[in-house]
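Read the structure below first, then the notes.
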Amino acid sequence: MRLLLPWCLLHSSLAFHLTKRFKSTDLKPPARRLNVKQSLVQNTPKDDIDLQDLRHERIQISSVANDGFGVTRRTALIAASLSMCTPTEMANGKSYSENQSNPSPTVSLRTKDAFGKTVTMPLIAYSFYKTPPEQAPRAMALALRAGVRHFDLATDYANFNDIAPLLAMYLGTGKIEWDFEHEKDELLQILDDTEKAADFSMKKKSLGRKQRRQDMFVTYKLSNSEQSTDPSSTRNIIRRLLSELGTPYLDLVCLHSPLPGSELRIATYRTLIQLQEEGLIRSVGVCNYGLCHLKEISYHNLPMPTVNQLEISPFNKHEPIVQYCNDNDIQISCAAWSKLSGVSGPQQQWAQLSELARNKNVTKAQILVRWALQKRYACAPRSGTGSKIERVAIAENSYGGVLNFSLSDEDMKLLNSLDISYETGKLGRRDGWKDEDVTGDKWDPTEVAC
């Protein structure tokens, strides 16, 4: 019986042998991307295949070993280029540690786009939730300068028309259309330092429009009022968004909440799947879906969503939903946290979070972002530009802003122990619903409209 090793364990072993066999000066990334199966078995390079595909292979050690346990240089370089398991591999018992000193900025989603390419998503986005329209263009400009390449947009955020021209300009020309001369030097230095910190593991500055678009990840959420049984209605919305952004596709389109009811959400979801097959959308997701909503998709024989974004924090880890998502290869994403520090918030647990932040000399928001990153959750922190603290937070809460510290096993254990099932009804978050939808403190979108 051949020995099968989990990919993460195999990667660790290969990386160990790599350090022995090659000098550090030789460790340069391959000039070309490789076809996974050919490179591992035949070591034959091939263009246009994303290295992230490697995470979706079930690799047998007999397919990799060439001379005893020795490996070829190219194979070892591929192994060294990946740093961890996907969330599903973790859920299936693969080797994984939440204590990561250098976590990857991206995750490979289960889905492949209409052209058969794996969709790779930056784990940390910038969300325009609650960003006033008059502040939105400046927020977009500062985030782009800080190296943010994943933006969380939505009809309900009521600021798309204010940021679309700036994002379209960047995608088209590579220029950030903003007068940075009026920004303080201190802020610009923070933004530039943050971008540089992330640059070692992110792609370098793009030279062409096509590559620049590939480096960007655009998430859009359809509002409850936009969910429809008429496919042409949904199709027209997506085409309008593409036109305003000057892009041929959106990377991820989600239903903002399950509140409109079964008929509307299933009909809209089915149309989004069709648009994905046509190449207008690369992946389809949902937001604030509980077990009943997710199982409903399976009941209708539709592909499971790629992402489920919901309110997840150390104070409410939604473990049953997370487990179901892991079992079905659905990437978990944390919504923008809101009012956790309020009078009705989890005060004792918030105090413990505050103490940990003081010890690390970082903000509480940075702890939450780093917690999500080490859990391999995507997250979408938000901020405005009305104050210096808010402007700096755009950089601090990005990928490059949380690389100067890590959370130890003890830190993660502490944070994971703070779960008190803190319901959305207490948070004051109105992200996919309105005040009149919330029926009390115990209300939670994952448990309604089933």
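In what follows, residues are counted from 1 in the order of the sequence shown. Please read these numbers as outputs of a predicted model, since none were measured by experiment.
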**Message:** Is it true that N416 and W371 share a donor-acceptor pair across their side chains at a distance under 3.5 Å?
**Reply:** yes

Check against side chain to side chain contact (heavy atoms under 4.5 Å, CB included), N224 and L264: CA-CA 9 Å; N224 294 343; L264 284 174; over 6 Å; no

On a heavy-atom basis, the closest approach of I330 and V307 is CG2-C, 3.8 Å

Inset, instruction - Step by step, work out the side chain to side chain donor-acceptor pair (under 3.5 Å) result for T219 and H150. - result: CA-CA 7 Å; T219 295; H150 181 181; 2.9 Å; yes

Of all heavy-atom pairs linking N161 and P165, the shortest is O-CD, 3.4 Å

Using only atom types and a distance under 3.5 Å, with no angle test, would you say the side chain of S298 pairs donor to acceptor with the backbone of L294? no

So for atom CG, which belongs to D179, do other residues, nucleotides or ligands contribute more than 12 heavy atoms lying within a distance under 6.0 Å?
yes

For A146 and S398, the nearest pair of non-hydrogen atoms, with its separation, is O-OG, 4.5 Å

Notebook entry, point to check: Does any non-hydrogen side-chain atom of L310 lie less than 4.5 Å from one of Y289?
Noted result: no

Q | pair Q352-L414: side-chain heavy atoms closer than 4.5 Å | A | yes

Under 3.5 Å, is there a donor-acceptor pair between the Y324 and K295 side chains?
no

| If we only count heavy atoms from C-beta on, is the V119 to T306 side-chain gap below 4.5 Å? | no

Under the 3.5 angstrom rule, does the side chain of R149 hit a backbone N or O of P122 as a donor-acceptor pair?
no

Side-chain heavy-atom pair E244, F160 within 4.5 angstrom cut-off = yes

| said: I'd like to know if the side chain of D251 and the backbone of V218 have a donor-acceptor N/O pair within less than 3.5 Å. | reply: yes

- When the ring planes of F151 and F128 are compared, do they come out parallel, tilted or perpendicular, using 30° and 60° as the limits? tilted

Is there a side chain to side chain donor-acceptor pair (under 3.5 Å) between S408 and D411 once you walk through the steps?
CA-CA 5 Å; S408 66; D411 297 332; 3.1 Å; yes

message = Between Y399 and T194, do the side chains contain a donor N or O and an acceptor N or O under 3.5 Å apart?
response = no

Heavy atoms of I266 and L302 approach each other most closely as CG2-CD1, 4.2 Å

Checklist entry - Has I389 got more than 12 heavy atoms of other residues, nucleotides or ligands less than 6.0 Å from its CD1? => result no

Handout entry: Side-chain donor/acceptor of H256 to backbone N/O of N288, under 3.5 Å
Key = no

So that I can tick it off, tell me whether E183 and R145 are bridged by a salt bridge, with the cut-off set at under 4.0 angstrom between side-chain N and carboxylate O. no

Please confirm whether the backbone N or O of P305 pairs with a side-chain atom of R110, one donor and one acceptor, at under 3.5 Å?
yes

Between the SG atom in C334 and the CD1 atom in I124, the distance rounded to the nearest 0.5 Å is 10.0 Å

Keeping R212 on the side-chain end and G172 on the backbone end, is there a donor-acceptor pair under 3.5 Å?
yes

When every non-hydrogen atom of E447 is compared with those of H293, the smallest separation belongs to N-CE1, 4.3 Å

Are side-chain heavy atoms of L250 and L241 found at a separation under 4.5 Å?
yes

Does any non-hydrogen side-chain atom of E195 lie less than 4.5 Å from one of L191? no

Check your understanding: Is there a donor-acceptor contact under 3.5 Å linking the side chains of R370 and Q366?
Key -> no

Fill in: Exam field: side chain E311 to backbone H318, donor-acceptor pair closer than 3.5 Å
no

**Message:** Between the side chains of E186 and K184, is the shortest nitrogen-to-carboxylate-oxygen separation below 4.0 Å, so that they form an ion pair?
**Reply:** no

Rounded to the nearest 0.5 angstrom, the OG1-CD1 distance for T131 and I163 is 8.0 Å

message = Is there a side-chain contact between T111 and Q276 in this structure, where contact means two heavy atoms from C-beta onward sitting under 4.5 Å apart?
response = yes

Can you check whether L187 reaches K388 side chain to side chain, under 4.5 Å on heavy atoms? no

Whether the side chain of E390 engages the backbone of G386 through a donor-acceptor N/O pair (distance < 3.5 Å, no angle test) should be reported.
yes

For Q309 and K221: C-alpha separation, side-chain torsions, deciding distance, then whether side chain to side chain donor-acceptor pair (under 3.5 Å) applies. CA-CA 10 Å; Q309 185 187 87; K221 299 169 183 172; 2.5 Å; yes

To the nearest 0.5 Å, atom OG1 of T268 lies from atom CG of D230 at 10.0 Å

One should read off an interatomic distance between I321 CD1 and T446 OG1, to the nearest 0.5 angstrom, of 4.0 Å

* Asked: Do any N or O atoms from the side chain of Y269 and from the backbone of P303 form a donor-acceptor pair under 3.5 angstrom?
  -> yes

One should read off an interatomic distance between L275 CG and I281 CD1, to the nearest 0.5 angstrom, of 4.5 Å

All heavy atoms of W178 vs all of L166, minimum pair found to be CE3-CD1, 4.5 Å

task: Quick one: do L415 and L368 satisfy side chain to side chain contact (heavy atoms under 4.5 Å, CB included)? Show the steps, please.
output: CA-CA 9 Å; L415 291 170; L368 291 173; 5.8 Å; no

- Could you walk me through whether M216 and L167 pass the side chain to side chain contact (heavy atoms under 4.5 Å, CB included) check? CA-CA 10 Å; M216 182 67 67; L167 183 54; 4.2 Å; yes

Q: Before giving the answer on side chain to side chain contact (heavy atoms under 4.5 Å, CB included), spell out for Y377 and V322 the whole-Å C-alpha distance, their side-chain angles and the decisive distance to 0.1 Å.
A: CA-CA 10 Å; Y377 296 161; V322 169; 3.6 Å; yes

Would you say S383 and E396 are linked by a side-chain donor-acceptor pair, where the criterion is simply a distance under 3.5 Å? no

Q. Within 45° of the six-membered ring axis of Y249 and under 6.0 Å from that ring's centre, is NZ or CZ of R213 located there?
A. yes

The reported gap from CG in L407 to NZ in K413 (rounded to nearest 0.5 angstrom) is 15.5 Å

Notebook entry, point to check: Does any donor atom in the side chain of D185 or Q189 lie under 3.5 Å from an acceptor atom in the other side chain?
Noted result: no

Residue pairs meeting disulfide bond (SG atoms under 2.5 Å apart), one or both in residues 278-319, sequence neighbours left out, come to C292-C450

